[in-house]
2 protein chains.
Amino acid sequence: MNTAKTLDAKSPIPLYYQLKEILLAKIEEGEWKNGTLIPTENELIQHYQVSRTTVREAVNSLVAEGKLEKKQGRGTMVRKPKIEPVLGRLMGFTERISMLGFEPGARLIEARVVQSSETIKEKLQGEADVYFVKRVRLADDEPISIEETYWPLKIGKLYEGEDLNEIAFYPVLEKLGYKLSHAEEVISSVVASKEQAQQLNIKSGMPLLRIHRTTYTAAGEAIQYCCNYYRSDRYSYKVHLER
Amino acid sequence: MNTAKTLDAKSPIPLYYQLKEILLAKIEEGEWKNGTLIPTENELIQHYQVSRTTVREAVNSLVAEGKLEKKQGRGTMVRKPKIEPVLGRLMGFTERISMLGFEPGARLIEARVVQSSETIKEKLQGEADVYFVKRVRLADDEPISIEETYWPLKIGKLYEGEDLNEIAFYPVLEKLGYKLSHAEEVISSVVASKEQAQQLNIKSGMPLLRIHRTTYTAAGEAIQYCCNYYRSDRYSYKVHLER
DNA sequence: AAGTGGTCTAGACCACTTA
DNA sequence: AAGTGGTCTAGACCACTTA
């Protein structure tokens with residue numbers, strides 16, 4: 001039990017920070033399980049031989065990070081992993097649909113190099129030619145959306161040889177070391193064309209949610225532009241707003 | 001200068017919190033300008049006759065909220081207002097449209113007490129009757145959306161006597177001390193009914209962006225449920241996602 | 001060198017939860 | 001009644017910034 005690391009008072013690293021790291025390790029390594037109470041302030045004071053202020057500083061910063069939760073009179077608890085803050089998180093179709101509890105799928109319509117339109121050029125910061133992939137996306141084998149993606153050629157190359165009826169784009173990129181950072185989306189409403197209706201197995205004239213997305217790497221480079229058309233009867237878009 | 005409020009040691013409100021509110025007021029009322037240094041910890045200790053711990057607790061919580069910024073050896077500064085994080089911010093139509101550079105407006109269609117449907121009951125946490133307001137919203141005198149809002153009766157009462165062809169809801173609530181906290185939205189796509197098309201001055205069958213919003217107060221109470229139908233040719237919804 | 005915030009101690013009384 | 005975290009005091013030494 002008392003394998004506990006001790007704090008180094010001579011270190012330039014503040015005591016509260018050393019303690020915080022120790023507590024964090026116990027949480028992440030599962031020594032302290034979700035929902036259980038951690039030792040009380042007095043126990044931590046005794047154990048690590050520091051003042052209450054120091055203990056509180058360590059614990060409070062973990063509370064601020066959402067790792068711990070304090071209740072006056074009761075104790076300090078390891079926080080159950082929050083219900084994934086799903087909203088506002090950049091995800092691909094595969095990831096999103098899996099998370100919603102469906103089996104993701106794809107049906108390739110076409111994949112080829114095309115000339116950039118003006119829009120594409122603007123979004124992808126001037127690429128003359130781009131790699132275009134068009135797929136119907138499925139959830140539990142039912143068509144949910146039409147996905148039209150445009151990639152800079154150097155990215156497109158990475159997908160050659162991959163089975164476009166199968167792959168999810170983002171995991172491939174991340175495995176190759178690309179760091180996705182954020183995306184901007186513009187959402188609007190359109191009615192299904194005859195072709196779209198057929199591909200989505202709905203009647204033409206039905207409303208579709210159209211989502212344009214531009215995705216950026218951590219370096220600030222636009223790495224993807226896509227246009228997705230979602231069946232509005234099977235998919236809705238959720239947003240969380242803060243005042 | 002020394003019109004400063006003093007702290008009430010006998011109040012059940014903690015000293016650090018009283019102090020925090022005082023500091024916050026000085027920032028928001030502009031007594032302390034953006035980018036200037038606020039009094040030092042020692043000055044605050046002297047002035048308010050509290051311990052350093054208490055001062056630090058007040059200041060640190062404002063630092064956590066982004067209102068202040070500390071620099072060791074230099075002092076504590078009022079933080080310049082961030083480049084408005086417009087996306088993801090809960091705003092009413094009036095605020096949003098103004099920000100986009102248009103003149104907001106409204107045309108009242110109806111306002112009355114109605115029985116709650118099952119949906120409304122669920123969203124507004126069980127209210128039996130609700131105050132319903134339906135308006136067409138305008139930007140530069142052009143119809144942009146149809147706004148159907150449902151309010152708990154006690155909130156609805158606040159709008160009686162107000163000119164519903166004029167008012168923006170949120171500012172009224174906030175002036176009355178209601179603290180809006182956040183909202184959840186569900187976005188989908190629909191086609192305009194004949195009536196909607198007429199109200200929005202478009203053809204029926206045109207696509208509309210439908211946005212359901214449930215708004216919550218800081219107390220966690222659902223204070224508004226609304227359903228907005230936006231012309232998709234004049235309005236699009238922007239979202240920022242983080243990986 | 002003087003002044004700032006950063007870290008830390010030892011102690012006190014309190015409100016709240018649980019047994 | 002005992003134990004928890006919440007608030008608060010008075011004091012100390014430190015690293016960093018500025019003059």
Side-chain angles (χ1 to χ4, degrees), chain A residues 5-24 26-27 32-33 35-80, chain B residues 5-24 26-27 32-33 35-80:
Chain A
K5 281 174 210 146
T6 49
L7 305 184
D8 178 3
K10 280 166 299 188
S11 162
I13 300 165
L15 291 176
Y16 81 88
Y17 194 85
Q18 295 181 43
L19 180 54
K20 176 186 166 184
E21 294 289 294
I22 291 174
L23 303 185
L24 188 56
K26 302 222 185 217
I27 295 166
W32 293 341
K33 306 287 183 198
T36 62
L37 294 174
I38 72 167
T40 66
E41 292 185 349
N42 279 322
E43 285 166 349
L44 293 171
I45 290 167
Q46 285 299 315
H47 198 287
Y48 294 99
Q49 292 294 304
V50 289
S51 72
R52 192 162 172 218
T53 309
T54 302
V55 167
R56 284 179 65 81
E57 207 155 357
V59 170
N60 281 340
S61 81
L62 289 170
V63 169
E65 289 173 22
K67 310 280 186 183
L68 294 175
E69 189 171 356
K70 300 211 278 192
K71 275 276 173 51
Q72 191 180 9
R74 188 153 189 288
T76 301
M77 235 174 53
V78 177
R79 230 184 154 191
K80 292 186 193 70
Chain B
K5 280 174 209 144
T6 48
L7 304 184
D8 179 3
K10 279 165 299 187
S11 161
I13 300 165
L15 291 176
Y16 80 88
Y17 193 85
Q18 295 181 43
L19 179 54
K20 177 186 167 183
E21 293 289 293
I22 291 174
L23 302 185
L24 187 56
K26 302 221 184 217
I27 295 166
W32 292 341
K33 306 289 183 198
T36 61
L37 295 174
I38 72 167
T40 68
E41 292 184 349
N42 279 322
E43 285 167 349
L44 292 172
I45 289 166
Q46 284 299 316
H47 198 287
Y48 293 100
Q49 292 294 305
V50 289
S51 73
R52 191 160 171 222
T53 309
T54 302
V55 167
R56 284 181 65 81
E57 206 155 356
V59 170
N60 282 340
S61 81
L62 289 170
V63 169
E65 288 173 22
K67 310 279 187 183
L68 293 175
E69 190 170 357
K70 299 212 279 192
K71 275 276 173 50
Q72 190 180 11
R74 187 150 192 289
T76 300
M77 234 176 53
V78 177
R79 233 184 151 194
K80 292 187 193 67

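The structure presented is a predicted model; accordingly, all values stated were derived computationally and were not measured. Letters A, B, ... are given to chains in the order of the sequence lines, protein chains preceding strands, and every chain is numbered from 1.
Among the heavy atoms of the strands lying under 4.0 Å from T54(B) are primed sugar atoms or P, OP1, OP2 only; no base atom is included. If you check every strand for non-hydrogen atoms under 4.0 Å, V59(A) touches nothing. Using a 4.0 Å heavy-atom distance criterion, T53(A) is classed as a base contact.
Qualifying side-chain hydrogen bond (donor to acceptor under 3.5 Å, both in side chains) partners for T76(A), counting only residues two or more places apart in sequence or in other chains: none.
In terms of position along DNA chain C, the nucleotide closest to V50(A) lies nearer the 5' end than the nucleotide closest to the other residue of the pair R74(A) and V50(A). Comparing V55(A) and N42(B) along DNA chain C, the residue whose closest nucleotide (by nearest heavy atom) sits nearer the 5' end is N42(B). Between P14(B) and I38(A), it is I38(A) whose nearest contact on DNA chain D lies nearer the 5' terminus.
Reading DNA chain C from its 5' end, the first and the last nucleotide to sit under 4.0 Å from a heavy atom of chain A are dT7(C) to dT18(C).
Between D8(A) and K10(A), the closest heavy-atom pair is OD1-N, 2.9 Å. Of all heavy-atom pairs between L19(B) and L7(B), the closest is N-CD2, 3.9 Å. Smallest separation of non-hydrogen atoms from V63(B) and E69(B): CG2-N, 4.5 Å. Considering all non-hydrogen atoms of both residues, L62(A) and L24(A) come closest at CD2-CD1, 3.8 Å.
Base pairing in DNA chain D gives the following stems of 3 or more Watson-Crick or G-U pairs, range against range and under 3.5 Å: C:1-18 with D:1-18.
At a threshold of 4.5 Å between non-hydrogen side-chain atoms, the residues E41(A) and V59(A) do not count as touching.
Taking the charged nitrogens against the carboxylate oxygens, E65(A) and K20(A) do have a contact shorter than 4.0 Å, which makes a salt bridge.
The backbone N or O of Q18(B) lies less than 3.5 Å from no partner atom in the side chain of E21(B), so there is not a single donor-acceptor pair.
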